[in-house]
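This one's a predicted model, so the numbers in the text were calculated from it and none came from an experiment. Just follow the structure's listing: the first ligand is 1, and inside any ligand the first atom is 1. Note that the numbering runs from 1 along the sequence shown for the chain.
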Amino acid sequence: MWGGRFAAGPASIMREINASIPFDKRLWKQDIAGSKAHVAMLAKQGIVDGEDAQAITEGLNRIAAEYEADGVPVDLYLEDIHMVTESRLAQLIGPTAGRLHTARSRNDQVATDFRLWVRDAIDEVQAGLIGLQRALLARADENADSVMPGFTHLQSAQPVTLGHHLMAYYEMVRRDRSRFADARARADECPLGAAALAGTSFPIDRHATAAALGFAKPTDNSLDSVSDRDFALDYLMAATQASLHLSRLAEEFIIWASQPFGFVKLPDAYSTGSSIMPQKRNPDAAELVRGHAGRIMGCMTALCVTMKGLPLAYSKDMQDDKPPVFEAHDLLALSIAAMTGMIETVTFRTDRMRGLAESGFATATDLADWLVREGGIPFREAHHITGRAVAAAEAAGVPLDQLPIATLQEIDARIDDRIYAVLTVDASVASRMSHGGTAPMQVRARIAQAREELG
Ligand code: ARG
């Protein structure tokens with residue numbers, strides 16, 4: 001009944017479940033680099049003779065050129081990138097190839113390859129995040145005094161500037177970069193030479209291989225070296241947090257692009273039309289960035305669950321470490337690129353933002369603050385007076401700064417016509433001069449500082 005699936009017998013199922021080559025072929029550059037560092041060290045230590053080491057190195061160079069040109073051949077019989085490369089080496093240089101695996105195991109080999117890969121992935125993400133920061137800075141600078149409603153509970157709260165709002169995302173990305181930098185620093189130890197789990201009886205020089213591969217030092221415990229995947233989890237956790245930030249920015253764009261808001265016109269390049277509703281312009285790229293955050297978090301969860309409860313040292317479960325990291329990385333790189341492109345090219349409808357900022361009684365707090373500052377009134381009482389002014393404006397259907405002075409003085413005699421100077425949205429944002437506040441001067445100062453941080 002299951003003949004179709006089992007035609008070749010259980011052995012083929014074993015090959016299929018056992019093989020990692022369909023995905024770990026992505027480690028080929030790191031695998032070749034690790035092998036070259038290893039064989040150079042073996043020769044220097046007199047463990048393999050110089051001629052053999054040279055033949056192995058030349059063979060590895062040739063294999064690298066083949067992989068570069070034609071890709072890595074996927075042969076399930078050979079299980080993984082380590083075996084595929086070693087078997088090709090044997091085809092090229094004969095039995096000498098067998099000396100490469102002296103004083104190492106696939107356990108320390110894969111741990112080394114994967115660390116090298118994650119390190120490169122972090123460098124790629126960092127470059128992308130810097131690009132995103134630059135895009136945010138440029139648009140924030142342009143809009144350092146473009147007034148928009150600031151929200152709490154998605155209700156108009158107080159006016160802020162668009163520059164300030166965009167710079168909030170700059171700060172998130174700055175923290176993301178610091179998390180990735182931390183992850184990279186912790187990953188900077190080389191497991192190569194831990195061998196299967198216990199170390200090796202050969203007189204290897206682990207400091208030499210660590211240095212050759214650009215690691216700060218070798219790892220200090222062989223059992224930990226082959227069973228540790230913290231570096232992959234650190235990457236995934238940093239990626240998760242970065243993707244959460246991207247998804248919040250994406251969500252704002254989705255809301256802002258909706259007709260009732262109309263704060264942005266998304267660029268054609270990042271939108272799609274509808275096949276039946278010609279008026280539509282859908283924020284698909286932003287929606288996918290929002291969606292990808294869920295998948296990236298799923299990848300992080302997947303590896304946490306894989307690692308949870310594994311005894312020391314290596315277990316084959318750990319082969320499942322790579323697909324979630326590869327998937328999360330691809331999704332994150334794409335999300336960063338898409339958000340950067342959107343930030344660079346989106347049209348901000350600053351007139352519309354200003355109009356809404358002026359319409360929602362967003363300067364009510366400014367009235368209350370004025371009563372405290374100029375009238376010496378306790379804030380709670382000022383809040384109450386302001387509430388009555390808002391009710392009067394609402395009843396009259398006008399913004400706060402169009403209430404006649406007589407009406408305001410009926411509410412509280414201590415109000416005089418100096419109040420109109422603080423009730424405009426421009427005065428409101430300009431007054432928020434506290435460190436980190438939305439005053440254009442503060443926003444510009446932070447932008448200048450951020451430019452220096454970025455270099
Ligand atoms: N393909 C394996 C992995 O990705 C390599 C390590 C295999 N080690 C072993 N003892 N079977 O984890």
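- Per-residue contacts place Gln319 under 4.0 angstrom from the following atoms of ligand 1 (heavy atoms of the residue considered): 1 (N), 2 (C), 3 (C), 4 (O), 12 (O).
- Relative to atom 8 (N) of ligand 1, the option among Asn107, Val110, Asp108 with the closest non-hydrogen atom is Asn107.
- Residues Phe263 and Phe253 place their aromatic rings such that the two centres sit no closer than 6.0 Å.
- Nearest protein heavy-atom neighbour of atom 7 (C) of ligand 1: Tyr314 OH, 3.6 Å.
- The main-chain N or O of Leu197 is found under 3.5 Å from a side-chain atom of Ser222 such that the two form a donor-acceptor pair.
- The aromatic ring centroids of His329 and Trp117 lie less than 6.0 Å from each other.
- Below 3.5 Å of separation, one finds no N or O of His82 facing any N or O of ligand 1.
- Between Tyr235 and Phe180, a ring centre-to-centre spacing shorter than 6.0 Å is recorded.
- Ligand 1 has no N or O atom lying under 3.5 Å from any N or O atom of Glu79, backbone or side chain.
- Of all the heavy atoms in Gly193 and Thr200, the pair that sits closest is O-CG2, 4.2 Å.
- Regarding atom 11 (N) of ligand 1, its nearest protein heavy-atom neighbour is Arg106 NH2, 3.5 Å.
- Each of the following atoms of ligand 1 lies closer than 4.0 Å to a heavy atom of Lys322: 3 (C), 4 (O), 12 (O).
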Quiz item: Between Thr219 and Glu189, does a side chain to side chain donor-acceptor pair (under 3.5 Å) hold up when you go through it step by step?
Solution: CA-CA 5 Å; Thr219 49; Glu189 297 182 4; 5.7 Å; no
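- Taking a cut-off of under 4.0 Å to the non-hydrogen atoms of Asp80, the atoms of ligand 1 that pass are 1 (N), 2 (C), 5 (C).
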